[in-house]
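Only this structure's heavy atoms are used, side chains among them; waters, hydrogens and symmetry mates stay out. Numbering of ligands and ligand atoms starts at 1, following listing order.
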Amino acid sequence: MSPIVPRLIDMHCHLDLYPDHPALIEECDRHQVATLAVTTTPKAWRRNIELASRSSHVRVALGLHPQVVAERKSEIALWEALLPEATYVGEVGLDAGPRFYRSFEDQKAVFERVLSACAEAGGKILTIHSVRAVGQVLGHLESLLPPDRGRAVMHWFTGTKAEARRAAELGCYFSVNAQMLLQPRHREVVAALPMNRLLSETDGPFTQNDGRPSRPADVSRMIPELAALRGVPAETMRRALVDNLKALVTP
Ligand code: MN
């Protein structure tokens with residue numbers, strides 16, 4: 001997301017699920033929010049790339065979301081074909097929650113192909129979903145994506161402190177959203193994450209702000225709270241997030 005120096009970071013937002021996708025891209029540029037537009041299917045890649053092509057702050061990630069694998073597992077072939085065009089990958093990962101557990105074996109097969117392709121290509125940055133499957137996601141990363149072949153950002157991480165330590169040892173970053181900071185157990189984990197691995201996200205439109213879907217510029221509202229949790233001034237936190245993104249994207 002260089003060479004511009006952004007003011008804010010939204011490392012995970014589904015821009016294409018909003019009715020005003022083009023307006024949101026303009027908003028990201030106007031508010032200087034470096035935004036990773038994640039996709040749930042590789043069929044959305046082309047349109048996202050077209051819309052973001054002139055944006056200074058929006059980058060697009062090539063995804064195949066674990067929650068759609070039940071219906072879309074065959075799209076892994078299209079995902080693989082498009083991978084050479086992508087630097088960012090996501091949303092990908094595993095979801096062992098009750099609604100998606102039926103497809104868990106297929107999810108694992110798809111995620112293994114994603115990680116193997118990324119490792120072979122090198123230089124990709126992944127935003128990873130790990131609902132009720134943190135241990136398995138980390139196991140897959142450990143065996144299939146060596147840290148020097150790609151970088152992983154754990155999105156909306158809900159694992160334990162021990163799992164967070166294991167992820168950090170594997171080189172993972174963590175993108176934190178405002179909703180995570182509402183839950184005491186998750187606050188404790190966020191408070192213990194390495195400062196140099198923290199990033200911010202909205203996961204919009206799946207989170208809310210003032211009763212409407214969060215927009216990337218809303219990350220500014222969570223920074224004071226995240227800063228207080230970490231015991232640093234808000235401006236220090238804002239700069240740390242920008243520096244962390246820079247470190248993540250610098251080969
Ligand atoms: Mn998401």
- Near Arg102 CZ, under 6.0 Å, is it more than 12 heavy atoms from other residues, nucleotides or ligands? no
- Message: I'd like to know if the side chain of Gln179 pairs up with that of Thr207 as donor and acceptor (distance under 3.5 Å, no hydrogens or angles considered).
- Response: no
- Query: Looking at Glu91, which of its N, O or S atoms is the nearest one to the Mn ion (ligand 1)?
  - Reply: OE1
- Item | Minimum-distance N/O/S atom that His14 presents toward the Mn ion (ligand 1) | NE2
- Message: Restricting to N/O/S atoms, is His129 within less than 2.8 Å of the Mn ion (ligand 1) or not?
- Response: no
- Message: I want to check a possible cation-pi pair here: Arg197 against Phe174, using under 6.0 Å from ring centre and within 45° of the ring axis as the test.
- Response: no
- For the side-chain contact (heavy atoms from CB on, under 4.5 Å) test, which of Thr39, Leu78, Ile76, Thr40 pairs with Leu64? Ile76
- OD1 (Asp203) to the Mn ion (ligand 1) to NE2 (His12): angle, nearest 10 degrees? 90°
